[in-house]
Number of protein chains: 2
Amino acid sequence: MNSASGAPRSGRVTIKQVAQRAGVSTASVSYVLSGRSGIAGRNGGVASETAVRIREAAEELGYAPDLAARKIRTGRTETILLSLTMLSDPWALAVIEAVQRRAMPLGITPMILADADWARVLKTHDADAMFIDAVADGQQGELEALARQGKKLVVFHEQIEPRGFEVIRSLAGPGCVLAMEHLLAKHQKIAILTTERARENRDPARFLPYLDGLRRAGLPLREEYLATFDRSPVSAYAAAMRLLDRPDRPTAIYATTDFAAMSAINAAQRLGITVGEDLDVVGVGNTLEGEAMAPSLTSVGPVGFFDELARILVERALGGSENSVTGGVVEFPWQLFIRDSAR
Amino acid sequence: MNSASGAPRSGRVTIKQVAQRAGVSTASVSYVLSGRSGIAGRNGGVASETAVRIREAAEELGYAPDLAARKIRTGRTETILLSLTMLSDPWALAVIEAVQRRAMPLGITPMILADADWARVLKTHDADAMFIDAVADGQQGELEALARQGKKLVVFHEQIEPRGFEVIRSLAGPGCVLAMEHLLAKHQKIAILTTERARENRDPARFLPYLDGLRRAGLPLREEYLATFDRSPVSAYAAAMRLLDRPDRPTAIYATTDFAAMSAINAAQRLGITVGEDLDVVGVGNTLEGEAMAPSLTSVGPVGFFDELARILVERALGGSENSVTGGVVEFPWQLFIRDSAR
DNA sequence: CTGTTAGCGCGTTCAA
DNA sequence: TTGAACGCGCTAACAG
């Protein structure tokens with residue numbers, strides 16, 4: 001076929017072949033096909049007619065730039081790497097989708113690494129930004145090493161401190177405080193429905209706000225208003241029953257899980273108690289199931305978390321390599337979503 | 001810090017810095033750190049002591065090769081790209097896991113592209129092999145274009161013909177034939193539980209084997225033994241009930257879905273019919289749920305599919321670039337797994 | 001046997 | 001608009 005034209009030893013079409021075909025230098029081709037063609041401040045003054053010819057040649061030859069070669073010069077891969085541990089988790093899918101939406105229009109491709117073992121891969125593979133959703137205990141040093149290598153990391157973690165990398169946190173605590181305040185505005189007899197573990201550990205995010213709320217309001221902590229359950233739906237339902245099936249029952253329930261809150265609502269309905277009137281219920285997690293149930297569940301959850309994560313990731317990916325190597329923390333306080341179960 | 005030693009303008013440690021620190025040339029470093037150091041036929045004669053010094057230097061500096069730079073010379077990315085459309089599907093997770101297991105020990109990293117729009121990305125991004133799990137109607141040409149670019153593609157599709165790329169098929173048909181034969185060995189009154197769609201289209205894979213089986217056995221097609229359902233579990237359960245809750249009920253059910261087969265078993269149990277004795281049931285899909293239920297479900301499914309897919313992918317990734325650009329078809333006939341629901 | 005020199009590959013980008 | 005250097009690692013050819 002084309003034995004005299006280019007140099008098609010490899011299947012790949014190079015910039016050189018395009019240049020030859022268009023009758024220009026490789027530099028012009030590069031200017032037109034990648035960087036600014038007719039806009040640039042300095043250079044890039046490529047006659048629009050030449051530009052057209054170049055683009056035609058590229059099209060005809062089916063040229064596509066070799067990103068590896070480009071990367072070596074520019075330092076950019078036009079790629080964002082997402083290291084996700086639990087790919088089956090809807091959470092991971094939400095991350096992917098959000099980043100996808102932000103990045104693709106800018107020509108940045110999100111790639112997923114489905115492996116808890118990011119440390120090994122990220123050492124050699126490059127990306128304009130990397131997201132890591134799980135850091136084991138000993139791995140803190142590896143993060144710092146990667147950061148020193150100039151890698152742009154965004155790490156999802158509740159405690160880790162940023163050392164050259166960005167940290168993003170999803171904080172349930174503030175939202176739980178809001179939930180309690182919401183109930184305290186109208187109620188005095190507020191029960192809690194929580195896990196055994198949260199109570200034992202005095203979980204600062206989900207359990208303590210209950211105690212603090214009562215204390216600040218000058219209300220007593222009543223043992224009989226404290227019900228715990230262990231995972232199973234049955235157990236949560238039973239716990240709610242214990243709470244509600246008594247003469248002096250609470251007028252509000254603060255459940256540390258949406259799922260528990262839903263059980264509580266079911267229990268109440270079973271007892272003929274009208275949720276939203278005789279009983280207010282709030283949950284934690286702001287799940288879709290809670291929002292969909294009747295009455296819709298008032299709950300707390302992170303809002304816009306995925307979008308913000310995507311924004312940060314893309315921002316860091318675009319930021320020049322020498323740029324802000326600050327490494328900060330972005331905290332994501334959960335917020336209250338008032339719905340029918342507790343107006 | 002190290003202003004006099006290397007050239008650390010960028011955060012990245014290069015082979016040059018390692019060379020300088022070890023007091024050798026970059027060639028030696030390259031030989032030691034990547035290719036064969038003391039084995040090679042020709043060159044590679046690096047004294048083991050020097051090799052140690054080089055490795056130490058690399059270690060101290062935290063050197064990691066730039067894969068992009070390496071790729072440009074070797075043409076290899078040490079990466080396999082998996083374009084997966086339905087990441088939430090267990091099927092996709094199985095693909096990932098299988099490839100992971102095969103590839104990682106060989107130093108090949110699987111990367112996932114969570115985007116139906118592979119055509120755009122794959123044009124510029126490189127990988128030693130690429131897997132595509134979904135091809136839309138118009139996209140056939142794009143596959144060929146990519147193949148011409150020298151890209152190694154493995155495409156999962158039932159009909160597409162290989163043109164420069166590999167095609168892998170998962171064929172339910174043969175398995176369904178086996179399932180019917182299994183039932184025909186012991187039964188004469190065999191019912192089918194299938195979807196409305198499969199019946200209308202006379203699905204060659206899952207529906208026709210039922211008709212053909214009856215015909216070959218010289219059995220009549222009885223309308224009352226043909227029950228259809230539409231998606232919902234409820235619907236499948238009801239259809240099974242219609243089949244079983246009659247005087248002259250079938251002694252075997254061929255269900256075109258594991259999920260429907262499970263509904264049938266439930267229905268039978270509800271009616272006091274002992275599955276595996278009074279009634280044999282086979283499903284299609286060979287899901288884990290079916291295997292786990294009691295009685296365990298006899299079913300047909302692809303065996304070793306994911307492993308084989310992974311093998312092909314890795315093989316193609318390792319194969320030299322000029323190598324077998326054959327492009328063949330690998331068919332994966334489903335097989336019968338006999339369990340308690342139909343011995 | 002051990003090690004070095006030098007050029008390559010591809011797209012970018014400066015200086016002319 | 002272009003020639004040529006450049007970035008990084010690989011590797012053929014060559015020299016102790």
Side-chain angles (χ1 to χ4, degrees), chain A residues 6-20 22-38 40-51 53-54 58 61 63-78 124 126 149-150 321, chain B residues 6-20 22-54 58 61 63-78 124 126 149-150 321:
Chain A
R9 50 182 142 287
S10 166
R12 187 123 206 166
V13 180
T14 75
I15 208 176
K16 210 172 289 182
Q17 297 170 45
V18 177
Q20 188 167 63
V24 295
S25 72
T26 61
S28 296
V29 176
S30 178
Y31 283 129
V32 171
L33 261 36
S34 69
R36 28 244 102 248
S37 62
R42 262 263 153 90
N43 205 321
V46 181
S48 58
E49 199 186 318
T50 317
R53 221 172 52 244
I54 290 173
L61 265 48
Y63 169 79
D66 183 335
L67 284 184
R70 177 177 289 177
K71 187 265 167 183
I72 208 179
R73 267 314 281 175
T74 64
R76 307 235 1 246
T77 57
E78 286 154 52
T124 50
D126 278 311
Q149 259 182 63
S321 38
Chain B
R9 48 181 145 291
S10 165
R12 187 117 205 171
V13 180
T14 76
I15 210 179
K16 210 172 286 182
Q17 296 169 45
V18 177
Q20 187 169 61
V24 295
S25 71
T26 61
S28 296
V29 176
S30 179
Y31 283 130
V32 171
L33 260 35
S34 69
R36 26 243 100 249
S37 62
I39 317 144
R42 266 265 151 93
N43 204 323
V46 179
S48 59
E49 199 185 318
T50 316
V52 170
R53 218 169 58 241
I54 290 173
L61 265 49
Y63 169 79
D66 183 334
L67 253 44
R70 176 177 289 176
K71 187 266 165 182
I72 209 178
R73 264 318 273 174
T74 64
R76 309 241 353 252
T77 57
E78 287 154 49
T124 50
D126 278 311
Q149 259 182 62
S321 37

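Residue numbers start from 1 in every chain, and the chains themselves are labelled A, B, ... in the order their sequence lines are given, proteins ahead of strands.
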- Message: Expressed as a whole number of angstroms, how long is the span from A:Y63:OH to C:dT12:C1'?
- Response: 10 Å

- Could you give the distance from OG1 (B:T124) to CZ (A:R70), rounded to the nearest 0.5 Å? 8.0 Å

- Task: Calculate the interatomic distance between B:K16 atom NZ and C:dT4 atom P; express it in whole Å.
- Result: 15 Å

- Message: If the cut-off is 4.0 Å, is B:T50 near the phosphate of C:dT2, judged by side-chain N/O to OP1 or OP2?
- Response: no

- Task: Check whether any side-chain nitrogen or oxygen of A:S25 sits under 4.0 Å from OP1 or OP2 of D:dT1, and answer yes or no.
- Result: no

- Considering only heavy atoms and no angle criterion, is a donor-acceptor pair shorter than 3.5 Å present between the side chain of B:R70 and the base of D:dC10? no

- How close or far is atom P of D:dG7 from atom CG of B:D66, stated in whole angstroms? 13 Å

- Do the non-hydrogen side-chain atoms of B:K71 and A:D66 ever get within less than 4.5 Å of each other? yes

- To the nearest angstrom, how far is B:D126 atom CG from C:dC10 atom C1'? 12 Å

- Message: Between C1' on C:dT5 and CD1 on B:I15, what's the gap in Å once rounded to a whole number?
- Response: 14 Å

- Rounded to whole Å, CZ of B:R12 lies from P of D:dG9 at a distance of 7 Å

- Flag side-chain contact, heavy atom, 4.5 Å: A:S28 against A:I54: yes

- Quick one: label A:T14 by what it contacts on the DNA or RNA (base, sugar-phosphate, nothing), any heavy atom closer than 4.0 Å. sugar-phosphate

- Message: If the helix axis at each end comes from five base pairs, how far does the helix from C:dC1-D:dG16 to C:dA16-D:dT1 deviate from straight, to 10°?
- Response: 50°

- Item | Rounded distance (Å) that lies between atom P of C:dG11 and atom NZ of A:K71 | 16 Å

- Query: Of B:T26 and B:I72, whose nearest nucleotide on DNA chain C comes first from the 5' end?
  - Reply: B:T26

- OP1, OP2 of D:dC10 versus side-chain N and O of B:S34: anything below 4.0 Å? yes

- Provide the closest heavy-atom pair for A:I15 versus A:Y63 in the form atom of the first, atom of the second, distance. N-CE1, 3.5 Å

- For residues A:V24 and A:V29, determine if any side-chain heavy atom of one lies less than 4.5 Å from a side-chain heavy atom of the other. yes

- Note on the structure: Ranking D:dT2, D:dC8, C:dC10 by distance to the side chain of A:V24, first place goes to D:dT2

- Query: Taking atom types as they are modelled, is there a donor-acceptor pair under 3.5 Å from the base of C:dC1 to the side chain of B:Y31?
  - Reply: no

- Taking the side chain of B:R73 as its heavy atoms from C-beta onward, which of D:dG3, C:dG9, C:dT12 lies nearest to it? C:dG9

- Message: On a heavy-atom basis, which atom in A:A64 and which in B:Q149 lie closest, and how many Å separate them?
- Response: CB-OE1, 4.4 Å

- Output for pair (A:S34 OG, A:R73 CZ), nearest 0.5 Å, gives 12.0 Å

- Euclidean distance, atom CZ of residue B:R76 to atom C1' of D:dC10 [Å, nearest integer]: 14 Å

